[in-house]
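Take a look at the structure below.
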Amino acid sequence: MQSLSDSAEAAQSPAPTIQPAKSTQGAVRGSAAYRRITLALFCSGFATFSLLYCVQPLLPAFASEFHVGAAGASLALSLSTALLAVSIALAGIVSERYGRKELMLASMALAACCNLLAAVAPNWHMLLAARALEGFALGGVPAVAMAYLSEEIDPSGLGFSMGLYVGGNAFGGMMGRVAMSVMAESFGWRNAMLAIGIFDLALAAVFMALLPGSRNFVRNSAMKLGDHFALWKRHLSHGRLPLVFGIGALAMGIFATSYNYAGFRLMGAPFSLSATATGLIFSAYIFGIVSSSWAGALADRFGRAPLVAAGIAISCVGLFLTCTPVLALVILGIVLLTIGFFTTHSAASSWVGRMAATGKGHAASLYLLAYYLGGSILGSVGGWFWEHAGWNAVAGFMLLQVMLAGWLARRLWHPGRA
C-alpha cells in the first residue's frame with residue numbers, strides 16, 4: 001500500500017514558469033535506455049564518491065605527518081564536502097542553461113584532476129586547497145544526477161534506479177576507502193591518490209559514452225537569478241520537503257561522524273589495528289550497496305516513510321553496538337550504521353523527486369545542500385568530542401542526531417500532514 005506521504009504531493013508545490021519538456025515518457029525498467037542510464041549513473045556515483053572519500057582512511061596519517069589534531073585532519077574531507085554543498089546550488093543553475101549530461105561530465109573530469117593535484121601537494125595548506133577545489137568541482141554530479149533520473153526514468157522504476165545510483169555512490173565510497181588503505185600502506189598515500197585520480201578520469205570517458213542525452217529536459221537560458229530563487233523558496237515553503245532535507249542532513253552527519261573517527265578508535269587501544277586492517281572495515285560499504293537498491297525497490301512498493309523510519313532505527317542500534325569493547329560487535333555496529341544510512345538516504349532522495357512536481361533540479365540541489373553541509377559540519381564537530389572525551393562522547397553526539405532525525409521522520413509521517 002502506498003504511504004500517505006506519497007499522495008497529494010504535487011498540490012503542495014506551486015508550479016513555476018518553465019518551458020515544456022520534449023517528451024513525457026521516461027525510460028521503462030528493463031529497456032535498453034533504462035540499463036544505459038542506470039549503468040552510467042552508477043559509474044558517476046562511483047567516481048564521485050571514490051574521489052570524495054578516498055582521504056577518509058588517511059586522516060590518522062595526515063594528523064601524524066602534518067602535525068594536526070583529529071578535527072584538523074578531518075578538514076581534508078570536510079572542506080571538500082562543504083564546497084560540494086555550496087557548488088550544488090550553483091550546479092543546478094548551470095545545468096538549466098547548459099544541460100545535465102554536459103555538466104556531470106565536466107564535474108567528474110575536473111574533480112579527478114584536482115585529486116591528482118592533491119596527491120602532489122607540497123604542504124598541508126596546498127593539499128587542503130586542492131581538496132576544496134575538488135569538492136567544488138564534484139558538485140555538478142550529485143545535484144544533476146537526481147534530477148536527471150527523475151526526468152528520464154518512468155516513475156514506476158524511479159525508486160529502483162535511484163537505489164542503484166546510491167549503490168554506485170556506496171561502491172565508490174567503499175573502494176575509495178579500502179583501495180586507499182591498501183595502496184597507501186604498500187606504495188604511499190600520494191601514489192594511491194594518483195592511481196584513484198587516473199582511474200576516475202577513465203570512468204568519466206565511460207560515462208560520456210553510455211549516458212543518453214536528455215529527452216524530458218529543455219535547456220532554459222531565459223531563466224533569471226530571481227526565477228531560481230523563486231523555485232528554491234517554493235520548495236522551502238512546501239509542507240514536507242524541508243523535513244526530508246533535515247533528515248538527509250542528519251543522516252549524513254551521523255554517517256560522516258562515525259566513519260571519520262572510527263579509524264582513530266580502531267587503530268588505538270584496546271584494538272590497535274593496522275591501517276590496512278582498519279581500512280578493510282570500510283568494506284561494510286558493500287552492505288550499503290545492497291541496502292540502497294533494496295530500499296529503493298521497497299520504496300516503490302510500500303512508500304518512502306516506512307523505509308526512512310527503518311533506516312533511522314537501524315542506525316540507532318548500530319550506534320549502541322559501536323560503544324562495546326568487543327571488536328566483532330563494533331564492526332557489526334559499523335555495518336548497521338552503514339545499512340541504516342543508505343536505507344534512509346535512498347528512500348529520502350527518491351522522495352524529493354516525487355514531492356517536487358516541478359523544478360526537480362532545484363529541489364535536489366536543496367536536499368543535497370543540506371545533506372553535504374550536515375556531513376561537513378557535524379562530521380568536523382565530532383572531532384572535538386573525540387579529542388576531549390573519546391568514542392563514547394562521539395557516540396552521544398551521534399545519538400542526539402539520531403533522535404532529531406527520528407522526530408523529523410515522525411512529523412513527516414504524521415497522518416495530519418498528508
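Both backbone and side-chain heavy atoms feed into the values below; hydrogens, waters and symmetry mates do not.
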Would you mind writing out the side-chain donor-acceptor pairs for residues 242-257 within the sub-3.5 Å range, not counting sequence neighbours?
| unit_1 | atom_1 | unit_2 | atom_2 | d |
| --- | --- | --- | --- | --- |
| T257 | OG1 | G253 | O | 2.7 |
| T257 | OG1 | L378 | O | 3.2 |

Considering only distance and modelled atom types, tabulate donor-acceptor pairs under 3.5 Å from the side chains of residues 329-338, sequence neighbours left out.
| unit_1 | atom_1 | unit_2 | atom_2 | d |
| --- | --- | --- | --- | --- |
| T338 | OG1 | Y259 | OH | 2.6 |
| T338 | OG1 | I334 | O | 2.8 |

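Cation-pi geometry between R234 and W232 is not met at under 6.0 angstrom from the ring centre and within 45 degrees of the axis. A cation-pi arrangement is present between R177 and Y53 under the rule of less than 6.0 angstrom and at most 45 degrees off the ring axis.
Here L41 contributes atom CG and I153 contributes atom CD1; the two are 8.0 Å apart, rounded to the nearest 0.5 Å. To the nearest 0.5 angstrom, F207 atom CZ is 9.0 Å from S107 atom OG. To the nearest 0.5 Å, atom CZ of residue R100 and atom CG of residue L149 are 11.0 Å apart. One finds the SG atom of C316 at 11.0 Å from the CD1 atom of I314 (value rounded to the nearest 0.5 Å). The SG atom of C113 sits 12.0 Å away from atom CG of L133, with the distance rounded to the nearest 0.5 Å. Rounding to the nearest 0.5 Å places CG of L138 at 8.0 Å from OG of S80.
In this structure, S74 contributes its side chain and A71 its backbone to a donor-acceptor pair below 3.5 Å. Between the side chain of S87 and the backbone N or O of F136, at least one donor-acceptor pair lies under 3.5 Å. One N or O on the side chain of H388 and one on the backbone of W384 form a donor-acceptor pair closer than 3.5 Å. Between the side chain of E152 and the backbone N or O of I37, no donor-acceptor pair lies under 3.5 Å. A donor-acceptor distance shorter than 3.5 angstrom exists from the side chain of T324 to the backbone of L321, with no hydrogens or angles considered. Side-chain atoms of S50 never come within 3.5 Å of backbone atoms of G172 as a donor-acceptor pair (strictly under, hydrogens ignored).
Using cut-offs of 30° and 60° on the angle between ring planes, the pair F171 and F46 is tilted.
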Go through the steps to decide whether M108 and L201 satisfy the test side chain to side chain contact (heavy atoms under 4.5 Å, CB included), and finish with yes or no.
CA-CA 7 Å; M108 292 170 65; L201 270 177; over 6 Å; no
CA sep, side-chain torsions, deciding dist, call: Q56, N260, side chain to side chain contact (heavy atoms under 4.5 Å, CB included)
CA-CA 6 Å; Q56 198 163 49; N260 278 356; 2.5 Å; yes
If you apply the rule side chain to side chain donor-acceptor pair (under 3.5 Å), what do you find for E65 with W189, and how did you get there?
CA-CA 11 Å; E65 180 172 336; W189 65 266; 3.0 Å; yes
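Counting only heavy atoms from C-beta outward, the side chains of L52 and T81 approach each other to under 4.5 Å. Taking the side chain as every heavy atom from C-beta outward, L319 and V402 approach each other to under 4.5 Å. In this structure, R265 and Y261 have side chains that are not in contact, with every pair of non-hydrogen atoms separated by 4.5 Å or more. Between L127 and F62, the closest side-chain pair of non-hydrogen atoms falls below 4.5 Å. The shortest side-chain heavy-atom distance between M267 and S272 does not fall under the 4.5 Å cut-off. Using a 4.5 Å heavy-atom threshold, the side chains of M180 and L58 count as touching. N115 places a side-chain heavy atom less than 4.5 Å from the side chain of C54. With contacts defined as side-chain heavy-atom distances shorter than 4.5 Å, the pair F342/F287 does not qualify.
For S161 against T38, the heavy-atom pair with the smallest separation is CB-CG2, 3.8 Å. For the pair V308 and A409, the tightest heavy-atom approach, listed with the atom from each and the gap, is CG1-CB, 4.2 Å. Annotation for A204 and A109: closest pair CB-N, 4.4 Å, computed over non-hydrogen atoms. The two residues A347 and L307 come nearest to each other via the heavy atoms CB-CB, 3.7 Å. Between A192 and M183, the shortest heavy-atom distance links the atoms CB-CB, 3.6 Å. Of all heavy-atom pairs between L369 and A85, the closest is CD1-O, 3.0 Å.
Taking the six-membered ring for Trp and the full ring otherwise, H235 and Y367 have centroids separated by 6.0 Å or more. Ring-centre distance between W391 and F264: not below the 6.0 Å cut-off.
M126 pairs by the side-chain contact (heavy atoms from CB on, under 4.5 Å) definition with A121, P122, N123, not counting sequence neighbours.
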